[in-house]
Amino acid sequence: MPLRMSTLFVRTLKEEPADADVKSHKLLHRASYIRRSAPGIYTWLPLGLRVLDKVEAIVRDEMSKAGSQEVHFPALLPAEPYEKSGRWEAFGEGIFRLQDRKKADYLLAPTHEEVFTLLVKDLYSSYKDLPASLYQIQTKYRDEARPRAGLLRGREFIMKDAYSFDTDDAGLDAAYEKMRKAYINVYNRLQLPFVMVEATPGAMGGSGTHEFLYPSEVGEDTYVRTDGGYAANVEAVTTVVPEELDYSDAPAAQVVHSPGTTTIATLVDFANTHHPREDRPWTAADTLKNVVCTVVHPDGEREVVVIGLPGDREVDLGRAAGTGMLGAGEVDLEPATDEDLEKHPELVKGFIGPGISLDQAVLGLEGSIKIRYLLDPRVVKGTRWVTGANEVDKHVFGLVVGRDFVGDEFIEAAEVVAGDPAPDGSGELQLARGVEIGQIFKLGTRYAEALGLSVLDENGKARVVTMGSYGIGVSRVLACIAEEHADDKGLVWPANLAPADVHIVATGKDAQVFDVAEELTAEVEKAGYTVLLDDRPKVSPGMKFGDAELLGMPTIVVVGRGLKDGVVELRDRATGETTNLPVDTAGQKIVDAIAEKLDAINNIELLEQ
Ligand code: ATP
Ligand code: MG
């Protein structure tokens, strides 16, 4: 049966949602694919659901080819397994928690590592049972601080999550490789450009991990690449650390009166005017900037830390938080508020420094102020800095790392800048933005250990299972496809994902127009394709064309004025190309046009498993 515009549950809209600044969000809303229910929570309407089904079918097919079997967990889960893994706490405010009538704790699962681990523990006990790989396509819940851009960042969203179970590292490596290939095939079949980048494990724990990003300005992730083939999420970039310097001849540090120099720019000006260097002018990179930040721990505790970094760089809060060094679980890093600062009056705003010598240390291991002092990796032993002297209007020049001060730890907290060297030596980093559409993790034994998943090996000895976890944001991917395949008139679905293969539009009042449109519909359906038929009697041609462009079927057929000359019009939605088809052979020609588009996609080369 065709989808009929006269009865289909769809209402095309002119207005964009008030909060929409991203194309895919506007179009999916205006074309009635989705409808907002609450912030970050959406209802799927018939057309949206059809695309979603097709996206899911491709994901299922590739999972199956990778040897993973589908299961389906509840979204509502007891807290206990998550307490055992430590994530009940670690997720902090990021999850939805609830209680049943007996006051037992539950959560709406944000991801399912714990219960997959328990399921395998429940049924498997021997090395002979492994390897195993399971997946589901499931609704996930995360109480995102900033839901945005429709499906791109929801609080309820659809994820494909797969998990692999192996007895050793070689097995995990093989499982990871299968998933990597499956992901590449999925995104290629979905006609979605992507880059695979090195990533950081964050709160998931584990060793290796890669993210798949859809390169786009609407993305919230920054990644870097080089012409030499390096690609990483900015969070995973490690600084190329300069060599330590010999400081045996370094002159003693000198405290100077530096009035009105509360910013790096004024400090550099001051230095060049009053204390010029002989070899070259001072630059911001010679100064050590000490930025007060607040770590927000999962339990809500606010911990003030100071981050010391070269003055020509800013702190990248996300990158620092992503290191996993700031604390256990999902920590956030924020600029310190006035309230945070009030608790540490010993920090002299604008003139903060580690102290003017080791025996007068203010920050760092020996420091009189007991807060963590975290240093950028460029602040290596022997380097000399201009920095605050912890007194109003005073700076210290020639402060030497190792001799005059030490930090508590090094941290990758500085922003990565275009032109920085790549850690693998493959050239200068270029920066770009993207949307995270998937991530694969080598989890290792963390969850298996926490939840007691082990199997007996050949010698009857218990061996902890090693796991991988592999996610694709299915609903987010759909939004990215809409973002990529659209123009100023509307959506332009790839042929294999469109809700219908062809949109047949009958225009005018003539009964014959409607009869011919029905006949063509029947013929196309007989060939096995789906038709969206605009059979609305009292809607203007302009309105119908506008709707067809907005809804985005890849092929549009117009049955209207041309009919008196014996032709119907075939339009390619993507290229705008139109062809007149003689009515008597039009059915077959339409079928051919559809088949050609589908073949082009179905014939793309895929990786073999
Ligand atoms: P992000 O950094 O964007 O918050 P994440 O790294 O927390 O994502 P994962 O835990 O890796 O997400 O989840 C696997 C996949 O689920 C992600 O790669 C992404 O495609 C998707 N995803 C995660 N959060 C959301 C969300 N709020 N809305 C839609 N999709 C999401
Ligand atoms: Mg991720």
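Just so you know, ligand 1 is whichever comes first in the structure, and atom 1 is the first atom listed for that ligand. What's counted below: heavy atoms across the whole structure, side chains too, no hydrogens, waters or symmetry copies. In what follows, residues are counted from 1 in the order of the sequence shown.
Contacts between D161 and ligand 1 below 4.0 angstrom, taking non-hydrogen atoms only, are absent altogether. Under 4.0 Å from ligand 1, not a single heavy atom of T111 appears. Proximity of R153 to ligand 1, defined as any heavy-atom pair under 4.0 Å, is shared by backbone and side chain alike.
Note on E436: its N/O/S atom closest to the Mg ion (ligand 2) is OE2.
Those atoms of ligand 1 with a heavy atom of Q439 less than 4.0 angstrom away are 6 (O), 11 (O), 18 (O). Distances below 4.0 Å separate heavy atoms of I437 from the following atoms of ligand 1: 18 (O), 20 (O). Under a 4.0 Å criterion applied to the non-hydrogen atoms of L152, ligand 1 contributes the atoms 28 (N), 29 (C). Which parts of ligand 1 touch G438 is read off a 4.0 Å heavy-atom cut-off, strictly below it: atoms 18 (O), 20 (O). Listed by number with element, the atoms of ligand 1 under 4.0 Å from a non-hydrogen atom of L151 are 29 (C).
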| query | Stepwise, does the side chain to side chain contact (heavy atoms under 4.5 Å, CB included) test hold for L108 with L76? | reply | CA-CA 5 Å; L108 293 174; L76 178 62; 4.1 Å; yes
| said: Apply salt bridge (Lys or Arg N to Asp or Glu O under 4.0 Å) to residues E220 and R146 and explain how you reach the verdict. | reply: CA-CA 11 Å; E220 291 180 273; R146 284 168 292 278; 5.7 Å; no
| said: Evaluate R189 against E62 for salt bridge (Lys or Arg N to Asp or Glu O under 4.0 Å), listing each step before the verdict. | reply: CA-CA 10 Å; R189 290 176 68 181; E62 291 299 330; 2.8 Å; yes
| task | Before giving the answer on side chain to side chain contact (heavy atoms under 4.5 Å, CB included), spell out for Y373 and V305 the whole-Å C-alpha distance, their side-chain angles and the decisive distance to 0.1 Å. | result | CA-CA 6 Å; Y373 185 43; V305 297; over 6 Å; no
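Nearest-residue assignment for atom 6 (O) of ligand 1 (options E436, K160, E156, E144; heavy-atom criterion): E436. In this structure, of E235, M159, R142, the residue bringing a heavy atom nearest to atom 23 (C) of ligand 1 is R142. With Y470, F212, F157, Y141 as candidates, the residue nearest to atom 24 (N) of ligand 1 on a non-hydrogen basis is F157.
At least one N/O-N/O distance between G154 and ligand 1 falls below 3.5 Å.
Judged by distance alone, with hydrogens and angles left aside, the side-chain atoms of T337 form a donor-acceptor pair with the main-chain N or O of D340 at under 3.5 Å. A donor-acceptor contact shorter than 3.5 Å is absent between the side chain of R153 and the backbone of R148. Of the possible donor and acceptor atoms, none in the side chain of E436 sits under 3.5 Å from a partner among the backbone N and O of F212.
Using the six-membered ring where Trp is involved, H25 and Y42 have ring planes that are perpendicular, over 60° apart on the 30 and 60° scheme.
Between S426 and T226, the shortest heavy-atom distance links the atoms OG-OG1, 2.7 Å.
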